[in-house]
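Take a look at the structure set out below.
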Amino acid sequence: MHQLKDPWYQVGFVLTTGVNSTYILGYAGSIMVPLGWVAGTTGLVLAAAISLYANVLLAQLHEVGGKRHIRYRDLAGHIYGRKMYALTWALQYVNLFMINTGFIILAGQALKAIYVLYKDDHVLKLPYCIAIAGIVCALFAFGIPHLSALRIWLGFSTILSLIYIVTAFVLSIKDGMNSPGRDYNIPGSHASKIFSTIGAVASLVFAYNTGMLPEIQATVKPPVIKNMEKALWFQFTIGVLPLYAVTFMGYWAYGSSTSTYLLSSVKGPVWVKTMANVAAFLQTVVALHIFASPMYEYLDTQYGPGKGNAFSIHNVGFRVMVRGGYLTVNTLVAALLPFLGDFMSLTGALSTFPLTFVLANHMYVVAKKNKLSPLRKTWHWLNVVGFSCLAATAAVAALRLIAVDSSTYHLFADL
């Protein structure tokens, strides 16, 4: 993971794979429904611009103090000290853990959707599907030792993404054209609308950000900063187009009744929906591995054998034990609280805001303080304060959403 050998376009595909993962099948329901056309569209475009800016700032900090920083926590530790190293690692761990939990929920929903297409007897419940998804994700993790080893799988991931994206897009158009009319009014009481709006804002920033940019940048060929910026521009221009297409078309077709898993809303031939859900399931397995890789790298570096071939019995056994244990916890949490939209909001509030916006701006000010004009310093400080307030507000809103859903549905709910 530390070797500078990946071309910028491969890194661009890694970033784009994360942005266009199966999470995009939930944005019509989790972002557009609570915000509506005007606020939702404006929010998606604005969040993309702000995220690109923040990520470019972070990319420019890759080489500070005459050395490369291949992990987010290493960069924070170099700039702030040991305590911030620990806090940043904790924030990043929370971010990646919750993203991985969401992926397992999505994979379970895809399996459940496939089952419902052929049988509606409620025998195979969502928690069982989530458990199966967790096992498949673990098997994949055992066989892929590090992030760069994904090479060929990124190609498969792109094909799989195109399958469910094109299917969701085309079937949404068909359903929208055949529908007599849709209700685009924002649902809920006045109080719930306020909290849902704040939660949707957190989901907006969650949509574009990995929370692990330095780890991804650690694999880029020199010139590292310039190539990473190319990858980021690729991500936020061409890479976000599928996200926009699926999100806007899904909301246009189904309005405020859009589900948080778009393939559950679309109508069409059973074989087409099956293919799309299978593609969504398999792509989720690959995407989860990308977001789990910093945790795997930490465990491998800290506790792994560190010697021999990556596929030796000893090394594979270590991955089975450690990565299997990590994904078991992920799967248990996913089955316990399968509220996908709430997880997206809470992840955005607790970790995406602080890591991508608050820390990126503040670290840039600290690292470049002698090179910044007073106006630019003021701008970065406004970002630090503003996004800190947004993060706190969004966390409260997300926790409220989870509390409401937990009281509505029982644990291990079959949604």
Side-chain angles (χ1 to χ4, degrees), residues 21-26 29-30 96-144 157 160 163-164 167-168 258-268 270-289 291-292 295 319-344 346-347 401-415:
S21 68
T22 39
Y23 271 112
I24 68 170
L25 297 173
S30 62
L96 298 175
F97 180 86
M98 295 182 72
I99 288 174
N100 293 336
T101 300
F103 272 128
I104 294 174
I105 293 172
L106 277 165
Q109 286 181 327
L111 288 178
K112 177 72 184 291
I114 294 168
Y115 182 79
V116 170
L117 287 173
Y118 296 93
K119 285 190 176 183
D120 197 17
D121 55 12
H122 302 289
V123 173
L124 186 64
K125 300 184 183 300
L126 182 59
Y128 305 152
C129 293
I130 288 173
I132 295 169
I135 292 169
V136 175
C137 288
L139 291 173
F140 188 77
F142 302 155
I144 308 294
S157 175
L160 293 168
I163 291 172
Y164 64 74
T167 302
T258 309
S259 73
T260 55
Y261 181 67
L262 187 58
L263 291 179
S264 294
S265 296
V266 299
K267 299 176 180 64
V270 170
W271 72 269
V272 173
K273 293 178 68 175
T274 300
M275 179 180 65
N277 278 297
V278 169
F281 172 77
L282 294 175
Q283 199 276 344
T284 297
V285 175
V286 178
L288 182 147
H289 192 80
F291 287 95
M295 189 64 200
R319 291 201 293 275
V320 169
M321 180 180 67
V322 175
R323 296 184 183 186
Y326 174 72
L327 288 171
T328 297
V329 177
N330 270 136
T331 304
L332 180 61
V333 174
L336 193 68
L337 298 167
F339 314 123
L340 182 63
D342 301 350
F343 265 103
M344 288 161 55
L346 189 60
T347 304
L401 288 170
I402 290 176
V404 169
D405 281 338
S406 296
S407 62
T408 304
Y409 303 99
H410 59 78
L411 298 179
F412 298 103
D414 182 29
L415 302 180

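- With sequence neighbours left out, Ser21 forms a side-chain hydrogen bond (donor to acceptor under 3.5 Å, both in side chains) with no residue at all.
- When atom types are taken as modelled, the side chain of Asn330 and the backbone of Phe97 share a donor-acceptor pair closer than 3.5 angstrom.
- How far OG1 of Thr22 is from OH of Tyr164: 5.0 Å, rounded to the nearest 0.5 Å.
- By the 4.5 Å heavy-atom criterion applied to side chains, Asn277 and Tyr261 are counted as neighbours.
- In terms of heavy atoms, Ile104 sits closest to Gly134 at CG2-N, 4.3 Å.
- Atom CG of Leu327 is separated from atom CG of Asn100 by 7.0 Å, given to the nearest 0.5 angstrom.
- Contact annotation: the side chain of Thr328 never approaches that of Leu332 to less than 4.5 Å [non-hydrogen atoms, C-beta and beyond].
- Listed by chain and residue number, Ile163, Leu171, Val272, Met275, Ala276 satisfy the side-chain contact (heavy atoms from CB on, under 4.5 Å) test with Thr167 (two or more places apart in sequence, or in another chain).
- Remark: Tyr326 engages no residue in a ring pair (Phe, Tyr, Trp, His ring centres under 6.0 Å) (not counting sequence neighbours).
- For the atom pair Ile130 CD1 and Ile135 CD1, the distance stands at 12.5 Å (nearest 0.5 Å).
- Considering every non-hydrogen atom in both Ala168 and Leu263, the closest pair reads CB-CD2, 4.1 Å.
- Residues forming a side-chain hydrogen bond (donor to acceptor under 3.5 Å, both in side chains) with Thr274 (at least two apart in sequence, or on another chain): Tyr118.
- Taking every heavy atom of both residues into account, Ile105 and Ala334 meet most closely at CG1-CB, 3.6 Å.
- Among residues two or more places apart in sequence or in another chain, the side-chain hydrogen bond (donor to acceptor under 3.5 Å, both in side chains) test is passed with Ser259 by Ser265.
- Scanning for side-chain contact (heavy atoms from CB on, under 4.5 Å) contacts around Ala131 gives an empty result, with sequence neighbours left out.
- Listed by chain and residue number, nothing satisfies the side-chain hydrogen bond (donor to acceptor under 3.5 Å, both in side chains) test with Thr258 (two or more places apart in sequence, or in another chain).
- Evaluation of the side-chain contact (heavy atoms from CB on, under 4.5 Å) rule for Phe140 yields Ile144, Leu150, Trp153, Val285, Val286, His289 as partners, not counting sequence neighbours.
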* To do: Could you go through the side chain to side chain contact (heavy atoms under 4.5 Å, CB included) check for Leu139 and Phe142 one step at a time?
  => CA-CA 5 Å; Leu139 291 173; Phe142 302 155; 4.2 Å; yes
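- The distance from the OG atom of Ser30 to the CG atom of Leu25 is 10.5 Å, given to the nearest 0.5 Å.
- Qualifying side-chain contact (heavy atoms from CB on, under 4.5 Å) partners for Ile99, counting only residues two or more places apart in sequence or in other chains: Tyr23, Asn95, Phe103, Phe206, Phe291, Thr347.
- Using a 4.5 Å heavy-atom threshold, the side chains of Tyr115 and Val123 count as touching.
- In this structure, Leu124 and Lys112 have side chains that are not in contact, with every pair of non-hydrogen atoms separated by 4.5 Å or more.
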